[in-house]
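Remarks on the structure that follows.
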Amino acid sequence: MIQLYNVTKSYLRGQNALDDITLKIEKGEFVYLTGPSGAGKSTFLKLLYCAERPTRGQILVNGRNITRFGAGRIPMLRRDFGIVFQDFKLLNRRTVYENVAFPLEVTGHKRFEISKKVYQTLKRVGLQHRLNDHPLQLSGGEQQRVAVARALVVDPLILLADEPTGNLDPDVTLEIMEMFKDANARGTTVVMATHDRQLIRQFPRRVLELDAGCIQTDEIPC
């Protein structure tokens, strides 16, 4: 599903955000990316959905070499992804409903299908009563739940999540993790960046630990 071959990402001379990464993530895996701040977790995720380009190396997603994609092919690639951004990236001029509906509209779903899926997904994150509100009317934790709903509403092939539980209380964190587990059980490949070791222990999955842009450990729980 996801393959990296000798991938390096450099921003400044002599400073690599990722350094010669080679790995494979199988279809249907649930993988944690962990490591200290600045380890390269966010850069790793950005390379997968072409928000960044590698300095060297090749990246294959679902059999396609995305390092060769021109700008015109990237939107089609991203239709396979659900993405939970660390800073939410919600559209403040749109309602909660409109934010969650947006990826379905882009992919050409019919209006009644969109309405049903958006309401069901917002209900799963406990925000069906806020669907007519705007993001700036919500707390940080509520905005994060809207971002999670927007990522999951499309039933993505691949879910990328950058610290998705960082602004949530423990009960909501557990609910979000259960949603990720359910999506994974239905076949979605999940790659989640987190520094929450307790969460990793509570929901054990494969762990890729990054430090200074290098993979320090690659552990699969027994």
Side-chain angles (χ1 to χ4, degrees), residues 1-9 17-35 39-69 73-86 103 107 148 150-165 173-174 176-211 213-222:
M1 175 60 72
I2 298 170
Q3 296 172 278
L4 280 73
Y5 297 98
N6 305 113
V7 170
T8 293
K9 176 61 180 179
L18 292 174
D19 190 5
D20 198 31
I21 300 291
T22 296
L23 61 85
K24 184 176 183 179
I25 297 173
E26 299 286 357
K27 177 176 171 56
E29 273 200 275
F30 191 128
V31 179
Y32 293 111
L33 290 177
T34 190
K41 302 186 296 295
S42 294
T43 298
F44 185 102
L45 296 179
K46 289 177 180 178
L47 289 175
L48 297 185
Y49 63 91
C50 293
E52 300 277 3
R53 298 284 192 166
T55 306
R56 294 188 300 277
Q58 305 293 319
I59 303 173
L60 274 64
V61 175
N62 205 19
R64 297 168 293 181
N65 189 340
I66 65 172
T67 53
R68 297 178 181 174
F69 276 19
R73 297 183 67 187
I74 292 174
M76 188 63 69
L77 167 75
R78 290 178 181 169
R79 292 187 179 191
D80 291 338
F81 287 89
I83 306 171
V84 183
F85 299 97
Q86 194 169 10
T107 52
V148 169
R150 181 184 58 191
L152 292 177
V153 75
V154 295
D155 296 319
L157 291 177
I158 301 170
L159 175 65
L160 305 179
D162 195 355
E163 300 285 358
T165 62
T173 292
L174 293 181
I176 296 301
M177 288 303 297
E178 289 296 337
M179 293 178 67
F180 285 1
K181 283 177 58 183
D182 289 346
N184 182 237
R186 293 194 299 271
T188 295
T189 302
V190 180
V191 183
M192 173 177 163
T194 182
H195 63 272
D196 190 338
R197 288 288 183 174
Q198 182 176 346
L199 192 66
I200 294 173
R201 288 191 294 269
Q202 191 168 1
F203 297 91
R205 293 292 189 276
R206 180 182 175 187
V207 178
L208 294 171
E209 183 173 2
L210 296 172
D211 191 13
C214 298
I215 296 177
Q216 299 300 313
T217 59
D218 183 351
E219 298 178 348
I220 301 175
C222 299

So how far is it from [X] [atom1] to [Y] [atom2], rounded to the nearest 0.5 Å?
X	Y	atom1	atom2	result
Asp196	Glu163	CG	CD	8.5 Å
Leu4	Asp20	CG	CG	11.0 Å
Leu47	Ile66	CG	CD1	7.5 Å
Ile59	Ile21	CD1	CD1	10.5 Å
Lys46	Asp162	NZ	CG	8.0 Å

[X] (side chain) donor-acceptor with [Y] (main chain) under 3.5 angstrom:
X	Y	result
Arg78	Ile83	no
Asn62	Ile2	no
Thr189	Ile158	no
Thr34	Glu209	no

Side-chain heavy-atom pair [X], [Y] within 4.5 angstrom cut-off:
X	Y	answer
Thr188	Asp155	no
Leu174	Gln202	yes
Gln58	Arg68	yes
Asp80	Arg64	yes
Val7	Phe44	no
Arg53	Phe69	yes
Ile215	Leu210	yes

* Stepwise, does the side chain to side chain contact (heavy atoms under 4.5 Å, CB included) test hold for Met1 with Ile25? -> CA-CA 6 Å; Met1 175 60 72; Ile25 297 173; 5.6 Å; no
* **Pairing residues for Tyr32 by the ring-ring contact (aromatic ring centres under 6.0 Å, His included) criterion, not counting sequence neighbours** => Phe30
Which atom of [X] lies closest to which atom of [Y], heavy atoms considered:
X	Y	value
Leu45	Leu160	O-CD1, 3.9 Å
Val154	Phe81	CG2-O, 4.2 Å
Lys41	Ala193	CB-CB, 4.0 Å
Leu77	Leu48	CD2-O, 4.1 Å
Pro221	Pro204	CG-C, 3.9 Å
Pro103	Val153	CG-CG1, 4.0 Å

* Are the charged groups of Glu29 and Lys24 less than 4.0 angstrom apart, N to O? -> no
* Asked: For Met192 and Val84, what are the C-alpha separation, side-chain angles and deciding distance, and is it a side chain to side chain contact (heavy atoms under 4.5 Å, CB included)?
  -> CA-CA 9 Å; Met192 173 177 163; Val84 183; over 6 Å; no
* **Arg206/Asp218 under side chain to side chain contact (heavy atoms under 4.5 Å, CB included): CA gap, chis, key distance, verdict** => CA-CA 7 Å; Arg206 180 182 175 187; Asp218 183 351; 2.9 Å; yes
* To do: Start with the C-alpha distance between Leu18 and Thr8, add both sets of side-chain angles, then the distance that settles side chain to side chain contact (heavy atoms under 4.5 Å, CB included), and finish with yes or no.
  => CA-CA 5 Å; Leu18 292 174; Thr8 293; 6.0 Å; no
* Heavy-atom neighbours of Arg186 CZ exceed 12 at 6.0 Å -> yes
